[in-house]
Protein chains: 2
Amino acid sequence: MRDRRPEGERLSRATAHRLSLYLRALAVWPADGGRMSSTRIALACGVTDAQVRRDLASLGHLGRRGLGYDAPELSAAIRAVLGIDRVWRAVLVGVGNLARALLRYRGFRTQGFEVLALFDADPTKVGERVEGLAIEPTERLTDRVRDLGAELAILTVPADAAQPVADQLTAAGIRGVLNFAPVLLRLPPRVKLVSVDLAIQLEQLAFLIQHGEPAADPAAR
Amino acid sequence: MRDRRPEGERLSRATAHRLSLYLRALAVWPADGGRMSSTRIALACGVTDAQVRRDLASLGHLGRRGLGYDAPELSAAIRAVLGIDRVWRAVLVGVGNLARALLRYRGFRTQGFEVLALFDADPTKVGERVEGLAIEPTERLTDRVRDLGAELAILTVPADAAQPVADQLTAAGIRGVLNFAPVLLRLPPRVKLVSVDLAIQLEQLAFLIQHGEPAADPAAR
DNA sequence: AAATGTGAAGATTTTCACAGCT
DNA sequence: AGCTGTGAAAATCTTCACATTT
């Protein structure tokens with residue numbers, strides 16, 4: 001039942017990203033009677049209504065002509081196709097300020113991501129409790145990932161530690177890494193990677209300003 | 001001299017993002033003799049060499065047939081087209097853990113972004129010094145942005161404060177906002193926006209794992 | 001009247017393949 | 001031989017427009 005794609009069509013990365021946005025709009029909007037239309041979603045997310053319909057049609061026949069979509073049903077379908085209709089077990093490596101910010105941000109938990117353990121190479125940090133979890137030494141990483149059955153890792157270590165830690169995580173059988181270190185990580189194809197480089201985001205902003213794009217995209221990445 | 005586009009071609013957002021990656025590769029690689037080829041850049045960034053050549057050709061005639069590109073010259077050209085060949089003056093609003101992490105990360109400074117002032121609505125934080133800057137009350141935001149001539153704002157406030165603060169910034173004449181609050185901000189077209197929603201990044205990672213994409217992209221966003 | 005879903009058209013992006021330099 | 005730049009082809013993505021349903 002998982003991973004059902006109506007046609008042989010694959011969702012593009014861009015579509016997946018927009019689906020995440022739609023999900024936010026669905027959650028926020030005080031939908032009357034649980035109904036939602038492509039036009040309203042489009043308005044909330046800064047895309048065209050045709051785009052919304054295309055994206056949603058690719059999930060199957062969820063809308064009803066003349067009526068729109070049932071918001072809870074649509075949310076569930078999007079969550080299913082994004083793979084967040086279950087809890088993902090994650091570990092976090094590198095407990096600095098960024099990590100503390102992430103841990104405090106409860107959006108993770110509500111979206112189905114659970115951080116099970118924290119690791120840091122600094123011996124003075126080991127044992128400290130952050131958001132209810134005790135920091136463990138990085139040496140334990142491999143064993144603990146296996147024991148916990150963690151599938152995701154959040155990497156908030158300094159740049160020079162990122163690749164070695166990523167290698168350890170790979171060896172431990174992790175399936176995905178969310179990397180915040182400003183380096184280009186090398187991982188085998190079976191380990192998926194999403195990198196968030198904060199400096200790059202600022203560069204993109206500078207680019208947008210410099211080249212005054214006409215269309216303002218309120219949902220710009 | 002600024003904003004020179006060889007042809008009437010506009011850079012796409014995707015190209016701009018890849019250019020940021022190329023910049024990283026150029027900085028990291030111990031280029032022999034300062035030379036760099038499209039193949040090596042491609043390898044480092046996880047794209048095809050043809051893609052790299054297309055992207056770089058759009059900046060003008062920077063490469064030399066048979067030889068490749070001159071790394072420093074190429075870096076300078078990319079920085080110019082991205083608009084980071086100068087210092088951007090920025091302010092930061094909302095001094096929590098995330099802000100502290102960002103401020104400590106010196107990648108900003110080296111890439112030409114300078115944070116000039118910090119603001120927070122919490123009176124108990126006002127006056128506190130973080131990374132050499134004293135936190136100011138949010139009421140001063142408008143005046144200070146004008147006085148400082150700040151063009152960019154980094155928004156690390158809680159979700160419910162984001163839109164009001166963004167409105168203040170807009171009124172103060174800011175030109176771009178880097179938003180970390182998990183909300184869809186509404187801004188007039190003249191104010192550019194880049195949003196980083198950390199939960200969405202995790203969702204994208206889950207999506208990638210669920211649909212085992214064959215091509216591993218080491219520079220995945 | 002108010003919506004969806006979808007062919008067809010249009011636009012954009014990526015890849016191919018190779019001429020033309022060094 | 002090695003490498004860029006670029007037409008042309010291919011693939012992908014987006015928009016248009018409207019038949020179809022409630």
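Labels below follow one simple rule: chain letters A, B, ... track the order of the sequence lines, proteins then strands, and each chain is numbered from 1. This structure is a prediction, so every number in the text was calculated from the model and none was measured.
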Please report, to 0.1 Å, the donor-acceptor pairs under 3.5 Å made by any side chain of residues 148-160 of chain A, with sequence neighbours excluded.
residue: Glu151(A); atom: OE1; partner: Arg86(A); partner atom: NH1; Å: 2.9
residue: Thr156(A); atom: OG1; partner: Val93(A); partner atom: O; Å: 3.2
residue: Thr156(A); atom: OG1; partner: Gly94(A); partner atom: O; Å: 2.6

Value in whole Å for how far the [atom2] atom of [N] lies from [atom1] of [X]:
X: Asp70(B); N: dT4(D); atom1: CG; atom2: P; answer: 13 Å
X: Asp49(B); N: dT4(D); atom1: CG; atom2: P; answer: 8 Å
X: Leu43(B); N: dC3(D); atom1: CG; atom2: C1'; answer: 15 Å
X: Arg64(A); N: dT21(D); atom1: CZ; atom2: P; answer: 14 Å
X: His61(A); N: dT21(D); atom1: NE2; atom2: C1'; answer: 13 Å
X: Ile41(B); N: dC3(D); atom1: CD1; atom2: P; answer: 12 Å
X: Asp55(B); N: dT4(D); atom1: CG; atom2: P; answer: 13 Å
X: Leu56(B); N: dG5(D); atom1: CG; atom2: P; answer: 8 Å

Is a side-chain donor-acceptor pair under 3.5 Å present for Asp167(B) with Gln163(B)?
yes

Smallest separation among heavy atoms of [X] and [Y], with atom names:
X: Leu193(A); Y: Leu208(B); value: O-CD1, 3.9 Å
X: Ser38(A); Y: Arg53(A); value: OG-NH1, 3.2 Å
X: Gln168(A); Y: Thr138(A); value: NE2-O, 3.6 Å

What does [X] touch in the nucleic acid at a heavy-atom separation under 4.0 angstrom: a base, only the sugar-phosphate, or nothing?
X: Arg54(A); result: base
X: Arg53(B); result: base
X: Ser38(A); result: sugar-phosphate
X: Thr15(B); result: nothing

Starting at the 5' end of DNA chain D, which residue's closest nucleotide do you reach first, Ser12(A) or Gly66(B)?
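The residue whose closest nucleotide sits nearer the 5' end is Gly66(B).
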
So where does chain B start and stop touching DNA chain C, 5' to 3', when the test is distance under 4.0 Å to a non-hydrogen atom?
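The contacted stretch runs from dT13(C) to dT22(C).
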
Salt bridge between Asp197(B) and Arg24(A), side-chain N to carboxylate O under 4.0 Å?
yes

Salt bridge check, Asp55(B) against Arg18(B): does any charged N sit closer than 4.0 Å to a carboxylate O?
yes

Relative to the 5' end of DNA chain C, which residue comes earlier, Gly68(A) or Ala50(B), by the nucleotide with the nearest heavy atom?
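In this pair, the answer is Gly68(A).
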
